Amino acid sequence: MKIWSFCVSSALVVSGMAAEHPGKAVVEWVSAGESWQAGGVVRTAIRMKIDEGWHTYWSNPGEGGMKLSVKWTLPEGWTAGDVMHPVPMHIMTGDLPGFGYEGEVVFPVELKAPATGGGEVTLVADVSWLACDEASCVPGREKLELVLAEGEAKDGPGAVVISEAMKRVPVVVEGVDLKVREVEGGMELRLGVADGVLIDPSKAETFPETPRVVDAATLIRWEKSGDGWLAVVPKNEYAEGAVEELTLVLAGQRGVPISVSWKAE
Amino acid sequence: MKSLTLSTIAGVIALAGVLSAKEIGQAAPDFSAKNVKGEEVSLSGLKGKVVVLEWVNFDCPFVKKHYASGNLPKLQESSTGKDVVWLTISSAAEGKPAYMEPAKLAERAEKEGNKASHVLVDGTSVVGKAYDAKVTPHLYIINKEGVLVYNGAIDSKPTTDAADVETADKLFVNALEAVLAGKEVPNAKNQPYGCGVKY
């Protein structure tokens with residue numbers, strides 16, 4: 001059985017060499033199954049294969065860069081959830097520090113079907129991204145289509161792609177909390193991790209998901225402090241006024257990546 | 001405007017020695033650079049005029065967005081019509097692929113519809129580094145007194161889609177209008193978006 005996905009890329013594959021694509025990446029829209037039911041949810045994902053030597057960006061792209069954007073054209077009553085971003089990596093675009101992806105990246109997104117109705121439906125995702133290498137940046141854009149028949153939900157091969165991708169999407173975990181305080185020269189981040197939570201902050205990679213709060217070049221390092229963990233980081237040069245909120249992503253060697261948020265009271 | 005707390009005042013004093021004068025409210029760093037015709041243009045020679053600095057790389061998709069849509073050429077035309085001096089600057093270092101010889105840069109600027117007062121070739125990146133220009137496009141405004149009053153983005157939508165120009169908050173335009181009206185500049189420093197300057 002073929003993988004249930006549609007790709008309307010006009011890219012040509014040159015035989016015998018790695019294909020270079022106009023947007024320096026190929027995107028496709030993967031669906032867990034081939035069908036939908038009234039009132040149900042269809043699990044899908046935007047899968048992006050990035051040309052070697054190029055990178056694309058996280059939801060907080062850092063300095064420069066651009067996050068993935070999707071403009072939906074959906075049948076009446078359908079809604080799309082947030083495009084979920086997996087854990088990124090630190091990347092440099094020339095002199096500019098940021099966060100993004102190389103190789104293959106899968107962005108899960110859930111579509112909610114209307115409570116009533118039926119028949120075959122066609123959904124459209126107009127996807128835009130920016131790919132950069134050391135020297136230049138190239139915009140990419142593809143209009144992707146997903147056709148779903150009415151019927152009982154049944155997982156196809158796409159379901160595996162999505163389930164695997166979900167393992168890299170940060171989740172909010174009970175027992176992890178964050179406090180932020182501005183101090184001379186930056187911000188003091190305090191992380192509380194309850195017993196039984198599978199993460200060791202001293203070995204985790206930490207990324208600031210909220211843009212323009214933490215300086216994008218900073219490697220956030222946690223040190224044990226009392227019952228919790230402490231990191232002092234420089235404030236982003238473009239932070240406007242007092243810091244009001246911050247979401248961090250922690251990716252450790254064990255367990256799922258964790259998302260933890262703080263809001264000023 | 002932000003209120004200064006004691007600690008930030010202390011911080012400013014401590015940092016004063018290392019700060020270059022590229023901060024909002026301070027004298028804009030003077031510079032002298034050749035335009036694409038080989039003429040020397042210096043900031044000190046433009047005292048008494050409002051000066052706009054626009055960092056450019058015509059191959060950057062964010063720059064293309066604002067030239068292909070006609071947004072930057074229109075802004076350049078309307079601003080210079082109001083006695084503003086508009087300097088379009090390429091700080092790509094000589095030897096980098098993004099660097100263009102003056103004649104080639106002139107040709108490209110004309111092709112893109114550039115209507116700046118001057119297009120400057122900063123092949124040694126001295127001007128770009130003095131202002132800490134980060135991306136293209138990155139915009140600065142210097143008032144008639146030679147004080148830096150804006151450092152930031154052209155608008156609020158960090159995308160490459162020309163259709164977003166219409167709906168974005170016009171951060172730079174609002175700032176320039178405030179400067180010309182003698183009013184305080186809103187959002188005087190904000191994060192510019194674009195491609196990194198190729199130093």
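Throughout, protein chains are lettered first and strands after them, A, B, ... in sequence-line order, and every chain is numbered starting at 1. The figures that follow rest on heavy atoms only: side chains count, while hydrogens, waters and symmetry mates do not. Since the model is a prediction, treat every value here as computed from it, not as a measurement.
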Item to check | Atom NZ of B/K144 with >12 non-hydrogen neighbours under 6.0 angstrom | outcome: no
Item to check | Which atom of A/Y238 lies closest to which atom of B/P192, heavy atoms considered | outcome: OH-CD, 3.5 Å
Next on the checklist: Does A/D82 have more than 12 heavy atoms from other residues, nucleotides or ligands lying within 6.0 Å of its CG?
Outcome noted: no
Checklist entry - Around atom NZ of B/K189, are there more than 12 heavy atoms of other residues, nucleotides or ligands at under 6.0 Å? => result yes
Checklist entry - From B/D164 CG over to A/S69 OG, what is the distance, rounded to the nearest 0.5 angstrom? => result 7.5 Å
Next on the checklist: More than 12 heavy atoms of other residues, nucleotides or ligands under 6.0 Å from NZ of B/K170: yes or no?
Outcome noted: yes
Next on the checklist: What part of A/S136 gets within 4.5 angstrom of chain B, counting heavy atoms only: side chain, backbone, both, or neither?
Outcome noted: backbone
Checklist entry - Is it the case that more than 12 heavy atoms not belonging to B/E110 sit under 6.0 Å from its CD atom? => result no
Checklist entry - Does the side-chain contact (heavy atoms from CB on, under 4.5 Å) test come out yes or no for B/N187 and A/E240, once each step is laid out? => result CA-CA 9 Å; B/N187 224 332; A/E240 286 159 26; 4.2 Å; yes
Item to check | Which portion of A/C137 sits near chain B, non-hydrogen atoms under 4.5 angstrom | outcome: both
Checklist outcome for this item: dist B/Q191:CD -> A/E237:CD (nearest 0.5 Å) comes out at 8.0 Å
Item to check | 4.5 Å side-chain heavy-atom contact, A/S128 and B/T159 | outcome: no
Checklist entry - In terms of heavy-atom contacts, does CD of A/E76 have more than 12 from other residues, nucleotides or ligands at under 6.0 Å? => result no
Next on the checklist: Looking at every heavy atom in both B/V197 and A/D95, which two are closest together, and how far apart are they?
Outcome noted: O-OD2, 4.2 Å
Next on the checklist: Would you say CD of A/E223 has more than 12 non-hydrogen atoms from neighbouring residues, nucleotides or ligands within 6.0 angstrom?
Outcome noted: no
Item to check | From A/K71 atom NZ to B/D161 atom CG, the distance as rounded to the nearest 0.5 Å | outcome: 4.5 Å
Item to check | Closest contact, heavy atoms only, A/L96 versus B/G196 | outcome: CD1-CA, 3.4 Å
Next on the checklist: With a 4.5 angstrom heavy-atom cut-off, is it the side chain or the backbone of B/K134 that approaches chain A, or both, or neither?
Outcome noted: both
Item to check | Over 12 foreign heavy atoms within 6.0 Å of NZ, B/K157 | outcome: yes
